[in-house]
Q: 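I'd like to ask some things about the structure below.
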Amino acid sequence: MTENRLTLAVQKKGRLAEGGLDLLKRAGVKLAYGRDDLLRRSENEPIDLMLIRDDDIPSFVASGACDYGIVGENVLYEAQNKSSRMADLEIALKLGFARCTLKLASPRDGDIKSVSDLEGKTIATSYPALTAAYLKDRGVTAEIVEMGGSVEVAPRMGVADAICDLVSTGATLESNGLAAFETVLESEAVLVRRKTPSSGIIAETAERLIERFKGVIASRQTKYILLNAPRDRLEEVRAILPGTDAPTVAPVVGREDVVAVHAVCTEAVFWSTLEQLKAVGARSILVMPIEKMMA
Ligand code: PRT
Ligand code: ZN
């Protein structure tokens, strides 16, 4: 840790690494070329990245080895349920990627269909603390078998009756003959820090980084729409534009009956949105990405 430089822990390799580095790049943080496996410096911001396993990120931030970290809520809450040393951690910002759900699942054609069916059974998971806390809340006593990976094979191998694992598309459960019956946690990548705030230059850097992250997140689904609309159907067009409060309406030279509409749409613009716009008479519809945003 260098004085006056913010240290950010990012997963070295995996689902969070890609999203984390992309977020930093979009936030204008350029990384210097470096051979160091553990530390990457930024060449234009007082920021150093520490590249580690995602499971280590909560303790690196809690101990002060890093100021901030990008980690899944699943890993953060598991760490907090395991150790009181993590109580000082808080989420500074939800980052909107690496979304997944921690679910209880059992063999599709078996007889475990609800949480109460787990009484006296065995559950395999990489999230023993979260699973235990969830079962305790519901008054169910079950044995938990901790596994580092390949949790989905546990029922087939006779290691457990059910599993508690992360699901995104559901394909892994499906191909292993399992069906989810309960959601334990909804998770996404978050920016985590200690509750006791840092001060001075590091705090200023953090504030700037968080504002930029917010801008990147907001601009991800925000689009700029340009279209021509019949003047007398303007209200209908406006009602369809997702998340716009005040579009700009300009005249079209030589066309009294048509106006040009420019709007920033803060909600997702789908093909079906364009079809609806066309159906009320909009023409020459252009949807453009927004590169940067600041409120
Ligand atoms: O080496 P390191 O410990 O850093 O990496 P890792 O193997 O623990 O992490 P990685 O990269 O697999 O996941 C990092 C984080 O990504 C997780 O902690 C979650 O916050 C998030 N994430 C999002 C996921 C998934 N989606 C996901 N689908 N993590 C894992 N999975 C696995 C899941 O465990 C299961 O095996 O994908 C499979 C299920 O996927 P579907 O699409 O078949 O449902
Ligand atoms: Zn991990």
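FYI, side chains are in, hydrogens and waters are out, and symmetry mates aren't considered; it's all heavy atoms of this structure. Start at 1 and go down the list; that is how both ligands and their atoms are numbered.
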Q: For D257, look at atom CG and say whether over 12 heavy atoms of other residues, nucleotides or ligands are found less than 6.0 Å away.
A: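 Yes.
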Q: For atom 14 (C) of ligand 1, which protein heavy atom lies nearest, and how many Å away is it?
A: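 Here the nearest protein heavy atom works out to D54 OD2, 3.5 Å.
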Q: If the cut-off is 4.0 Å to any non-hydrogen atom of A171, which atoms of ligand 1 fall inside it?
A: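 Going through ligand 1 atom by atom, the ones under 4.0 Å from A171 are 43 (O), 44 (O).
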Q: With a cut-off of 4.0 Å, which atoms of ligand 1 are near a heavy atom of G14?
A: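 Close to G14: 11 (O).
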Q: Pair D22, R26 - check salt bridge (charged side-chain N to carboxylate O under 4.0 Å, His left out), show working.
A: CA-CA 6 Å; D22 180 63; R26 286 172 191 269; 3.0 Å; yes
Q: Keeping waters out of it, list the protein N, O or S atoms under 2.8 Å from the Zn ion (ligand 2).
A: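 Short answer, with waters excluded from the count: D54 OD1, D55 OD1.
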Q: At a non-hydrogen distance cut-off of under 4.0 Å, which region of S168 contacts ligand 1 (side chain, backbone, both, or neither)?
A: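 It is both backbone and side chain that touch ligand 1.
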Q: Write out all pairs satisfying salt bridge (Lys or Arg N to Asp or Glu O under 4.0 Å) with one or both partners inside residues 188-200, taking only residues at least two apart or from two chains.
A: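 Found D67-R194, E90-R193, R99-E188.
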Q: Enumerate the residue pairs fulfilling salt bridge (Lys or Arg N to Asp or Glu O under 4.0 Å) with a member in residues 270-285, sequence neighbours excluded, ordered by first and then second residue.
A: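 Residue pairs with at least one partner in residues 270-285: there are none.
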Q: Return the closest protein heavy atom for atom 1 (O) of ligand 1 as residue, atom name and distance.
A: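 Nearest protein contact, heavy atoms only, for atom 1 (O) of ligand 1 is R53 NE, 3.4 Å.
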Q: Is ligand 1 under 4.0 Å from a heavy atom in the side chain of Q11, in the backbone, in both, or in neither?
A: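 Side chain only.
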Q: Among the clusters formed by ILVMFWY side chains lying less than 4.5 Å apart, do L93 and L209 turn up in the same one?
A: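 Yes, L93 connects to L209 through the hydrophobic network.
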Q: Under 4.0 Å, heavy-atom basis, I'd like to know which part of D165 is in contact with ligand 1: side chain, backbone, both or neither.
A: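 Looking at D165 and ligand 1, just side chain atoms fall under 4.0 Å.
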Q: Just to confirm my output: which protein heavy-atom neighbour is closest to atom 11 (O) of ligand 1, and how far is it?
A: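 Closest protein heavy atom to atom 11 (O) of ligand 1: R15 N, 2.8 Å.
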Q: For the backbone of I52 and the side chain of D56, can you confirm whether one donor and one acceptor N or O come within less than 3.5 Å of each other?
A: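 Checked: no pair found.
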Q: Any idea which protein heavy atom is nearest atom 41 (P) of ligand 1, and the distance to it?
A: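 Heavy-atom neighbour on the protein nearest atom 41 (P) of ligand 1: T169 OG1, 3.3 Å.
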Q: Heavy atom under 4.0 Å from ligand 1: found in N74's side chain, backbone, both, or neither?
A: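 Within the 4.0 Å criterion, N74 contacts ligand 1 through side-chain atoms alone.
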Q: Run down the list D56, L166, I57 and name the one with the heavy atom closest to atom 33 (C) of ligand 1.
A: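 Looking at heavy atoms only, L166 sits closest to atom 33 (C) of ligand 1.
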Q: What atoms of ligand 1 come within less than 4.0 Å of a heavy atom belonging to V167?
A: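 Atoms satisfying the 4.0 Å criterion: 44 (O).
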Q: Give the residue, atom name and distance (to 0.1 Å) of the protein heavy atom nearest atom 39 (C) of ligand 1.
A: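 Protein heavy atom at minimum distance: T172 OG1, 3.4 Å.
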Q: Check each heavy atom of V75 against ligand 1 and say whether those closer than 4.0 Å belong to the side chain, the backbone, both or neither.
A: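 Side chain only.
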Q: Of all residues at least two apart in sequence or in a different chain, which pass the salt bridge (Lys or Arg N to Asp or Glu O under 4.0 Å) check with K94?
A: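 With sequence neighbours excluded, K94 shows a salt bridge (Lys or Arg N to Asp or Glu O under 4.0 Å) to E73, given in chain and number order.
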